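These notes concern the structure reproduced below.
Treat the numbers as computed from the prediction; the structure is a model and nothing was measured. Chain letters run A, B, ... following the sequence lines, proteins first and then strands; every chain starts at 1. Below, each value reflects all heavy atoms present in this structure, side chains not excepted, and no hydrogens, waters or symmetry copies.
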Amino acid sequence: MTAVPVQTRSTHPRHGISWVYTVIELKRAATRGVTLFFCVLMPIMFYLLFGSMSGMDQPDGRGNANAAMLAFMAFYGASMTAATQALTIASERPLGWNRALRLTPMRPWAYMVTKNVTSLIASLVSVGILYLVAAIVSRAHMPGWMWLAAVGIAMLGALTFGALGQTICLAIKSDVATGLIIPILLICCFLSGVFAIPMSGAFFEVLQKIVPMGGMVNLTLAMFGPNVTINDTGGMAVGDWRIWVNLIGWIVVLFAAAGLAWRRDTRRQ
Amino acid sequence: MLRQLHKNFGDVQAVAGIDLTINPGEVVALLGPNGAGKTTTLDMVLGLGEPTSGSVQVGGLTPRQAVDAGRVAAVTQTGGLLSDITVYDHIRLVADLFGYGKDRAEQVMQQSGVTAIAKRKVQVCSGGEKQRLKLAMALVSDPDLMILDEPTTGMDVAARQDFWADIHDQALGGRTVIFATHYLEEADEFSDRVVVISSGKIVADGTTAEIRALASGRSVQADFASTEAAQAAAQGLAGLVLSAKAQGPRLIAHAEDSDPVVKAVFAAGGHDVLVASLGLEDAFLQLTQQEDEA
């Protein structure tokens, strides 16, 4: 039946994760201009900019303010990386890429898992590059375990904003989705105090604890000590329930929303 | 293979009862105007769409099982590629998903003539190169059934000829092929069997020679006193014509040889007789329009 002898094939077609696909996705992320600017350059620029302001070298709890800024920029970069990776879901749809994948043994859920795995790896790379710059500049001081804990918080950020991006991309039209994700993320940054711009008043104080990313800011500051604050944010203990409800709550809610949007979407196709 | 296939989109009936069996090794053209239901039908064969009613079997398997087993593959009309990755990456990915290694990717690249552009990103590929890449991706699993959905849309004549020449020489040897097209010459030139569909139904099914006969014949039209008389006359023409139909009191017949038909029509009381020669184009239009009006 065949014109050319076909080479032996493994008995296991991939229904799930393909590392070849993951590597291709990482290559794509590394060559996207938007990704590189928002996800790698911007955190480094902000870190160098805010970190060199006067007073940032002062000891503050277990480290200095410069180190807190470093941790902020780590989860900011990771969140942005995950969100822009989710954007590819919206841009691939009109290209018919999903249809192409459905003509292979790969399952639709595996596509979503691949996107999430890629976004976590890409986020780690973004944090890695930032840490490299920080190590060279050598202004941030905090114990070794806190450098690692900050990476953990950054991964929580990647999960949160990856899920948010996926929900938006699956639920609404792709051209609108593209324009929404980055502004939403930036608003979260301002409201949660990542950019260290003072937002005072009782209203913002409550909002800061509710918005996605607020939990990351508060946990980071809590690591430095229960009394450490920047512009009135912080001052909580590591075990404070408000921090963990925010962190875990948003991840659970957003992944549930993404799952629902995904199910509705696959049924429609 | 296809049994009483129906597909509705809301109130719109896109496929209205298609029964079709395609034998291994056949090259079948699915010919029809835009919106005839070609893509909808093929999507159901590929498991991309579920039939509203009826069933599809591919070599005794469901479409999904056939896709997983690599028994059926497709080259779609447009899209289905990522613009920012290379030709090689596309093929390597599909090979990996089917459980093959790099060597298989190299092999199909040679087979479909894309080795020279392997490192090129899709965004700088021409329309013809993209279709060739999609062909390579479809060949990875060495399918028994290959589906081509208007694969040459948007190509110029030369690119179209090249694409088909390649398909015949290397890619399709021995495979069953179904291709959708609205180019009559393409159906005529490259298929063994032509299935004409219109408004979601099969309006003609025959070898290319038979379809050519439809095309090379003449049409005979005549008015009758009443619808009943026209219908009686249409039945009376059996044996002389390829097809005969009454539309109200007007009789429309196709025949290889029109003279005996004209005699019979006069004998049956027809008047205002019109005899015209049919091109392939006319035959096609006539087939599809009759179905719309009926």
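- Contact residues of residues 106-125 of chain A toward chain B are M106(A), R107(A) (heavy-atom distance under 4.5 Å).
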side-chain contact (heavy atoms from CB on, under 4.5 Å) between L82(B) and T88(A), worked out: CA-CA 10 Å; L82(B) 295 176; T88(A) 61; over 6 Å; no
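- For the residue pair L93(B) and V20(A), the shortest heavy atom distance occurs at CA-CG1, 4.0 Å.
- For the salt bridge (charged side-chain N to carboxylate O under 4.0 Å, His left out) condition, the pairs that include at least one residue of residues 32-48 of chain B, sequence neighbours left out, are R99(A)-D43(B), K38(B)-E150(B).
- A distance of 5.0 Å separates CH2 in W97(A) from CD1 in I85(B), rounded to the nearest 0.5 Å.
- How far OG1 of T31(A) is from NZ of K121(B): 4.5 Å, rounded to the nearest 0.5 Å.
- Listed by first and then second residue, the salt bridge (charged side-chain N to carboxylate O under 4.0 Å, His left out) pairs that reach into residues 177-186 of chain A come to none, sequence neighbours excluded.
- Contacts from residues 22-30 of chain A to chain B, taken as heavy-atom pairs separated by less than 4.5 Å, involve I24(A), K27(A), R28(A) in sequence order.
- When side chains are defined from C-beta on, L81(B) does not count as touching L95(A), because their heavy atoms never get closer than 4.5 Å.
- The two residues T104(A) and L97(B) come nearest to each other via the heavy atoms OG1-CD1, 3.5 Å.
- Contact detail for A100(A) and G80(B): the closest heavy-atom pair is CB-O, 3.5 Å.
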